[in-house]
Number of protein chains: 2
Amino acid sequence: MGVIRITKSVKALLNAFAEQEVALSTVALVEQFQDHMNRSTVYRILERLEDEGILHSFTGSDGLTWYALGNKNLLSGKANLDTHPHFQCKDCGKTECLPMSVSIPDVSKHTVESVSLLLVGQCSDCASV
Amino acid sequence: MGVIRITKSVKALLNAFAEQEVALSTVALVEQFQDHMNRSTVYRILERLEDEGILHSFTGSDGLTWYALGNKNLLSGKANLDTHPHFQCKDCGKTECLPMSVSIPDVSKHTVESVSLLLVGQCSDCASV
DNA sequence: AATTTATTGCAACTTTGTCGCATTAACAAA
DNA sequence: TTTGTTAATGCGACAAAGTTGCAATAAATT
């Protein structure tokens, strides 16, 4: 499986997530570390960390890929579908996992294997301006 | 606003949606009409039709943009949030709007303006194989 | 039919993301 | 601590989705 060696680059990326309790886009991470690691390295590490279950990814409103800590943490059991939503602020772009589960109704004749749920709106910081 | 002139290209695109009751990806449409209209024309027409409310768009599991008929059709009133999910079959790729509304819990301190909800799984056709 | 201007085609471009391959650096074992 | 194995990285080239400016074209209106 994924992460076998804890390289400096892996540490740096994990650090970025540990410091901030928010989701980070691949684009932002590539830019943040452009002087310290190659673009493809960023992509490959994120992929590996996701394979390990340390990160999980989702698609933002702009179609870009975002990553956030956790995955298994947010799930009660592996049998259940992970239906936690992500929230993206249309003003400041801040994106985060929402610590809740949304119930998805049964879809007749369809087997649902994964759910991605993105809420776009205004976060509290931007609302108070 | 958007659509002012009903050109041959606009008619052709609207026809594609009328014939099939499913969502179509920009990529598929560009390919389908590659001999009849330019790629940028497809993108621009889809954008205009969405502005008009004739189509609505969402992002598929692959990160690609998809369009489907309706929008206002599916909404009871403009005051309510449109929370109808989209379903994408992981096997055949068929993608469709689901005629239902999913209730989104209140998110404290966040104003939710739009919801995108994508279910990925297996459709009935693929399940019976 | 003439006029106006929205729409289109074209081509060049941007951006996100992937890939192969040679080099480098984790890390386990001696 | 040194050595050997191979995962991980850098680099560069590439692919695909989507955008943009501008000149040419074709709706729609009079």
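Each chain gets a letter, A, B and so on, in the order the sequences are listed, and its residues count up from 1.
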Problem set entry | Atom pair CG (B:Leu69) and CD1 (B:Ile54), whose distance is rounded to the nearest 0.5 Å | 9.0 Å

Exercise. Any side-chain N or O of A:Thr26 under 4.0 Å from OP1/OP2 of C:dT16?
Worked result: no

Exercise. For the residue pair A:Ala12 and A:Met37, what are the closest heavy atoms and their distance?
Worked result: CB-CE, 4.1 Å

Problem set entry | A:Glu19 side chain near A:Asn15 side chain, heavy-atom distance below 4.5 Å | yes

Seminar exercise, completed: B:Glu47 CD to D:dA17 P, in whole Å, measures 18 Å

For this session: Kindly give the heavy-atom pair with the smallest separation between A:Val22 and A:Phe17, and that separation in Å.
Result: O-CD2, 4.3 Å

Exercise. On a plain distance test, is the side chain of B:Arg39 in donor-acceptor contact with the base of D:dG18 below 3.5 Å?
Worked result: yes

For this session: Ignoring backbone atoms, test whether B:Arg48 places a side-chain nitrogen or oxygen under 4.0 Å from the OP1 or OP2 oxygen of C:dT8.
Result: yes

Problem set entry | Distance (rounded to the nearest 0.5 Å) between A:Asn38 CG and A:Tyr43 OH | 11.0 Å

Exercise. OP1, OP2 of D:dA8 versus side-chain N and O of A:Thr41: anything below 4.0 Å?
Worked result: no

Exercise. So does B:Ser40 get a side-chain nitrogen or oxygen closer than 4.0 Å to the phosphate oxygens (OP1/OP2) of D:dT19?
Worked result: no

For this session: Starting from P on D:dC22, measure out to CG on B:Asn38 and report it in whole angstrom.
Result: 17 Å

Exercise. Given atom CD1 of A:Ile45 and atom P of C:dT18, what is their separation to the nearest angstrom?
Worked result: 14 Å

For this session: Give me the ring orientation class for A:His86 and A:Phe58: parallel if the planes are under 30° apart, tilted from 30 to 60°, perpendicular past 60°.
Result: parallel

Exercise. Quick one: A:Arg44 CZ to C:dC19 P, roughly how many Å, whole number?
Worked result: 10 Å

Seminar exercise, completed: Taken to the nearest whole Å, CG/A:Asp35 to P/D:dT9 is 17 Å

For this session: Calculate the interatomic distance between B:Asp62 atom CG and C:dG17 atom P; express it in whole Å.
Result: 13 Å

Seminar exercise, completed: For nucleotides 25-30 of chain D, 5' to 3', base contacts (B), sugar-phosphate-only contacts (S) and non-contacts (-) with protein non-hydrogen atoms under 4.0 Å give -BBS--

Problem set entry | Touch class at under 4.0 angstrom, heavy-atom based, for B:Val30 against every strand present | nothing

For this session: Using whole Å, report how far CG of B:Leu64 lies from P of D:dG18.
Result: 6 Å

Exercise. So, do B:Glu31 and B:Gln34 sit near enough that their side-chain heavy atoms are less than 4.5 Å apart?
Worked result: yes

Exercise. Rounded to whole angstroms, how far apart are NE2 on A:His36 and C1' on D:dT9?
Worked result: 16 Å

